[in-house]
There are 2 protein chains.
Amino acid sequence: MKPRNGHISDSCRPISEVLSLIGNKWTSLIITRLTEGPMRFNVLKRNVHGISQKVLTASLRALERDGFVERIEHPTVPPSVEYRLTPFGRELGEPLLALTRFALVNGARMEAARAAYDETHDIPAPGAEPRRKPIPLRLN
Amino acid sequence: MKPRNGHISDSCRPISEVLSLIGNKWTSLIITRLTEGPMRFNVLKRNVHGISQKVLTASLRALERDGFVERIEHPTVPPSVEYRLTPFGRELGEPLLALTRFALVNGARMEAARAAYDETHDIPAPGAEPRRKPIPLRLN
DNA sequence: CGGTTTCATAAAGGTGCCTTCTTGTGCTGT
DNA sequence: ACAGCACAAGAAGGCACCTTTATGAAACCG
C-alpha cells in the first residue's frame, strides 16, 4: 500500500503520503466505518461493501502501521480480531470528514459542471475545436 | 482520470470521486499551487516538480471538467494558456488545506508509528509472529 | 471423520495511472 | 530556410492496486 510518490520533494512527502492514503479506493471508507466504533474483521468486511478480503487485510495493516488503527487479537478460536481507531486515527477522521462533507454537499455541482463541459467540448468528436486565429503578439 | 470506483454504492459515489481526485499523485499539488494565483501552463509545470507534461495536461483537463479550474487560452503565438481556480475550486481548496495541514503537523508522528511498528513486527521475517496459544472459548 | 467458523495469505489476471519519448502546430527571430 | 517556443496529444512500457479463487490453521460440532 505504498503510495506512488516517486518524484515528490522531501518537504511535501508526508502530505502526499496522507493524500494517497485517503485517496485509496477503500482506506477512507474503512476509517469512516471505524469512526462509528470498534469492529471485528468480518463485520467491517460486511459494512465496507465490495471490498475483497485481501485488500481489507492489507489496508488495515497499513493503517495500523501508520498508527491510525489498533488491532486487538482475542486469542479465541476461531480467532476474533477487533479493529479500532486510535486517538491519532480519530484526529485524521476530522479533516477527512470535512472533505466528505464537501463531496456530499457539492456532488451535484460537480456533476453539473461535468455535463456542461461535455456539452460545450462536444464529447468524442475527433476534430476537436480548431484553434482560434492567433493574433501575432510576442509576449514577454 | 476516472477514479476506480467499480463497486462503490451510489450514495457515496461523489465522496469517492472527490477522494480519488485529491488522492491522485498530482491533483492536489496542482490545486495547492493554483491557490497562490493564476498560472501559465509551463510555470505550473516548473512549480509542480517532477510532473510530466502529459499528466499535467490531463489533470488540468479533469479539474476543468469538474468545474474546479478555469482554462483561459490567450490567442497569442506561441500560445499562452492560463489556468486559475474557480470559486468552486477555492472551496475545495479549503478542506484540502485542512488535510495538508494535518499531514504537515503529524508527518513525524506517522513516521514514528511506522518505525515502532516495523520494530515490533520484525520487518521482513518470513516466520511471522506465531499465534498465541488460543484459549478454547466459543464466542456467540 | 468431515464440515464449519474466523482470519490471513497466495497466485493469477485485469486495469488504470504514470513516465519517457516522440510528433505536431504556427508564428517567431536569426 | 531553420531552429525555437508554448502547449497538446500519442504510443509503449512499468508498476501499483484490485479482484477472484483457493489454501491454511485450529478447534469446534454432529
Side-chain angles (χ1 to χ4, degrees), chain A residues 1-8 16 20-21 23-27 29 39-46 48-62 64 71-83 121 126-140, chain B residues 1-8 16 20-21 23-27 29 39-46 48-62 64 71-83 121 126-140:
Chain A
M1 208 117 296
K2 174 172 43 176
R4 58 277 209 235
N5 301 339
H7 297 254
I8 302 294
S16 58
S20 349
L21 190 73
N24 265 359
K25 183 175 179 183
W26 299 111
T27 313
L29 254 25
M39 248 175 245
R40 291 185 52 182
F41 183 86
N42 271 342
V43 178
L44 202 46
K45 183 171 185 293
R46 272 191 297 278
V48 180
H49 305 292
I51 193 171
S52 71
Q53 191 153 330
K54 179 195 180 86
V55 168
L56 179 55
T57 306
S59 305
L60 284 168
R61 235 184 243 325
E64 186 194 1
R71 186 192 130 110
I72 300 162
E73 182 172 341
H74 298 105
T76 64
V77 59
S80 162
V81 183
E82 196 187 47
Y83 289 94
H121 307 60
E129 188 130 4
R131 188 175 288 163
R132 285 69 134 184
K133 57 172 68 166
I135 52 178
L137 165 59
R138 202 81 178 97
L139 40 99
N140 172 20
Chain B
M1 207 119 293
K2 174 171 42 175
R4 61 275 207 233
N5 300 339
H7 297 255
I8 304 294
S16 59
S20 345
L21 189 73
N24 266 357
K25 184 176 180 183
W26 299 113
T27 312
L29 254 28
M39 248 173 244
R40 291 185 52 184
F41 183 86
N42 272 340
V43 177
L44 202 46
K45 183 170 184 295
R46 271 191 298 277
V48 180
H49 306 291
I51 194 171
S52 71
Q53 190 154 327
K54 180 192 180 88
V55 169
L56 179 54
T57 306
S59 306
L60 285 168
R61 236 186 241 324
E64 187 194 359
R71 186 192 129 109
I72 301 160
E73 185 171 338
H74 299 290
T76 63
V77 60
S80 162
V81 181
E82 195 187 47
Y83 290 95
H121 305 60
E129 186 129 5
R131 188 175 289 164
R132 284 72 135 185
K133 57 171 69 164
I135 53 177
L137 166 58
R138 204 81 179 90
L139 40 100
N140 188 6

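In the text below, chain A, chain B and the rest are named by the order of the sequence lines, each starting its count at 1. Predicted model, so just to flag it, every value in this text is computed and none were measured.
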Is [X] near enough to [N] that one of its side-chain N or O atoms lies under 4.0 angstrom from OP1 or OP2?
| X | N | result |
| --- | --- | --- |
| B:K25 | C:dT19 | yes |
| B:N42 | D:dC7 | yes |
| A:R40 | C:dC7 | yes |

Starting from [atom2] on [N], measure out to [atom1] on [X] and report it in whole angstrom.
| X | N | atom1 | atom2 | value |
| --- | --- | --- | --- | --- |
| A:K45 | D:dT19 | NZ | P | 11 Å |
| B:F41 | D:dC5 | CZ | C1' | 13 Å |
| A:I51 | D:dC18 | CD1 | P | 8 Å |
| A:I72 | C:dT6 | CD1 | P | 19 Å |
| A:Y83 | C:dC7 | OH | P | 8 Å |
| A:E64 | C:dC7 | CD | P | 15 Å |
| B:Q53 | D:dG10 | CD | C1' | 13 Å |
| A:E73 | D:dA25 | CD | P | 16 Å |

Separation of B:M39 CE from B:K45 NZ (nearest 0.5 Å): 14.5 Å

Straight-line distance of B:I51 CD1 to B:T57 OG1, nearest 0.5 Å: 8.5 Å

Closest approach to the side chain of [X], judged atom by atom: which nucleotide of [options] is it?
| X | options | answer |
| --- | --- | --- |
| A:T57 | D:dC5, C:dC27, C:dT9 | C:dT9 |
| A:W26 | D:dA6, C:dC7, D:dT19 | D:dT19 |
| A:P79 | C:dC7, D:dC5, C:dC18 | C:dC7 |

Flag, side chain of A:S80 to backbone of A:H74, donor-acceptor distance under 3.5 Å: no

Along DNA chain C (nearest heavy atom to each residue), the more 5'-positioned of A:E82 and A:K54: A:E82

B:Q53 and B:L56, any side-chain heavy atoms less than 4.5 Å apart: no

Closest approach of A:P78 to A:T76 (non-hydrogen atoms, all atoms of both residues): O-OG1, 3.0 Å

